[in-house]
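Here is the structure we will look at, set down as structure tokens.
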Amino acid sequence: MIELQVIDYSILGFYLVLILTLGIFCQRAIKTRKDFFLAGRTLPFWVVGVTLVVTDFQLFDYIAGAGGSFKYGIAQANYDWMGAVPAMLIAAVFFIPHLYRSEVSSIPEYLGRRFNGLTQLITALMWILFLIVNLASILWMSSTFFQKFFGWDAVYFICLLGGFIGLYSLIGGAFAVSYTDVMQFLVVLLGIGMFTIAVYFEVGGYHGLIEATEKHNLSEHFSLLLPHDTASPYPWSGIVLGLGTVLSLSIFVSHQVTVQRVLGAQSEWDAKAGMVFAGFLKLLIPLFIVLPGIAMIAIDPELKEPQNIIFHLMDRVLPSGAIGLMLAALLALLMSSLDAFLNSCATVLTNDVLLVAFKRKAEESPKKELLIARGSTLFIILITTGLALIISGVESGAFWVLRDLFSYFQGPVLALIILGIYWRKATGIASVIGLVSGILFTYLLYDVAQEVLPSENPFLLLSVFSFLFTLLITAFFSLVTPREPPEKLAGLVWGESVRDPRVQAALKAKLSVEEENL
Amino acid sequence: MFKEQLVSFLKWILKPLEDGISALPPSAWVLVCCSVFGLGALGVLFLKHETIYRDAPDVSSWRDLRYWVILLMIPFILLYYFLGRT
């Protein structure tokens, strides 16, 4: 167990007060539901970029990633490089402009407007379920780690952390989530950066790392790409064809939490630039994750529990005070993801379930809408905190279960977004059939994946098949069902402005005015 | 019964793909990965000026996202080239 001194608690306390103050300060900007969920669409590109990266970089990515690097080496870095950057670029160029201009608040809302209410409801319910399970699991799992290594009572930890995140998210909404994320990112850079440097020198720098891997015959630990039939979960083919395509696109194109951060941008340019800026920050992240994992080979190559590497190294290399800063950084990783998940879950619940159920009567009154938004946030934090207290015995294995659960419906939703934006013939009925059959197919495929696909954990390729299946089924049924009326597609489908007579008339009028001026 | 049929069907579909991928040498893996980033950098060069600057507060050259993307892709190409297969 890591002993904390007064100075560590002081640093931690100062950090928490700072976050809470910032969250409360953001309350002044909240006037409507859009302010609460999309920060009033006022975020500059650098805030969008930072919040994207820090939301995606979760505490368990860090802990499990360091463990993965210990076992498999730098191939772990693919999650933040090949598994993120190309998809960010594709999202910035081909998808974010459409989603931003359609002025939606959520992915289910886009699908509802483009296809039908049933598609909106199914995806909304899946997102709510997924985010609640995620929130509760992360709360529970983090409590077990903090209890084991710092001696903090798990029940108190869950209640206090849930209450703390709930408080500033409830008060400051998306403004608080985004601007505290910037603060959290600085704390992460400072705390984890310092820790990484300390670990690097502890093992004798670059030569120490090379010596350790060579001594234990682990030279493949410095390869980003592993063979197709590798015993690790990272075959190069899975990284390129699965992670680099469908899985990463589903995170940056159709993931509610990620896309919502971008939809809060102050302009379409800021939304796109935020995505690209996040790509630059992504360069750094694997350094933080991979280096401690490989360094542990030099310290204890026989380590039985790789998921505990970060805590073992903290105890070994950091003095008092620095431990407090590192602890603040770990909490920053945890809170930056949890607050974004909470805000997104409340967005979907409010926007795609409650306001639809109330037939949008509340739209007449922004105050009423805001009240519903805050009520949803409170409801979700109570539910997830309660659920976190109830669930037990999941331990680190839950990380993999969650990741599998994630791939179940991400492929199908991505297929619908692509067809929705780029194929005007895609119909509402076909979207429902494609979505439901796609999810069922993924479950079925998951059951047989180990027998059919290579590698230790074939989840990377699973997403590709679920995506392709949904794409084909939806395309087929779109061709045999009645087309959507053109007025329904206005502003939601690529190239629609070319066919829209109102847009063409406006462009002609503008052209004639310019000609007259000339 | 259905599960067995599904497994054999998927194996039949995936076999040629599996064989093809397994036969590729490590240099091809590196080439594929570098190409992903390289094509990204090349692709943005074809984007129109108005697409890049749409909704931007001004058209200063630092806001040209094409430069950003090219700058972003270079380190990734180098990383995958040198660390792809050591």
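Throughout, a chain's letter reflects where its sequence line sits, starting with A, and its residues are numbered from 1.
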Legend entry - Close aromatic pair by centroid cut-off 6.0 Å: A:F45 and B:W68: yes
Can you establish whether the number of heavy atoms outside [X] located under 6.0 Å from its atom [atom1] is more than 12?
X	atom1	value
A:F280	CZ	yes
A:N217	CG	no
B:Y67	OH	no

Is there side-chain contact between [X] and [Y], with at least one heavy-atom pair below 4.5 Å?
X	Y	result
B:C33	A:L225	yes
A:H228	B:L24	no
A:P227	B:W29	yes
A:L241	B:I21	yes
B:L65	A:F277	no
A:L283	B:L79	yes
B:D55	A:R101	no

Legend entry - Within 45° cone and under 6.0 Å: B:R54 NZ/CZ vs A:W269 ring: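 Cation-pi check for B:R54 and A:W269: fails.
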Contacting region of [X] [heavy-atom separation from chain B under 4.5 Å]:
X	value
A:I74	side chain
A:W81	both
A:V276	both

From [X] [atom1] over to [Y] [atom2], what is the distance, rounded to the nearest 0.5 angstrom?
X	Y	atom1	atom2	value
A:D229	B:E18	CG	CD	9.0 Å
B:F37	A:M82	CZ	CE	4.5 Å
A:S267	B:Y53	OG	OH	13.0 Å

Legend entry - Segment of B:V30 engaging chain A (4.5 angstrom heavy-atom cut-off):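 Contact with chain A is through both the backbone and side chain of B:V30.
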Inset, instruction - Can you see which heavy atom on A:K272 is nearest to which on B:T51, and at what distance? - result: NZ-O, 2.6 Å
Inset, instruction - Please report the shortest heavy-atom distance between B:V36 and A:P86, naming the atom on each side. - result: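 Heavy-atom minimum between the residues: CG1-CG, 3.7 Å.
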Legend entry - Partner chain B: residue of A:D270, A:I90, A:L444 with the largest heavy-atom pair count (under 4.5 Å):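 Highest number of heavy-atom pairs under 4.5 Å: A:L444.
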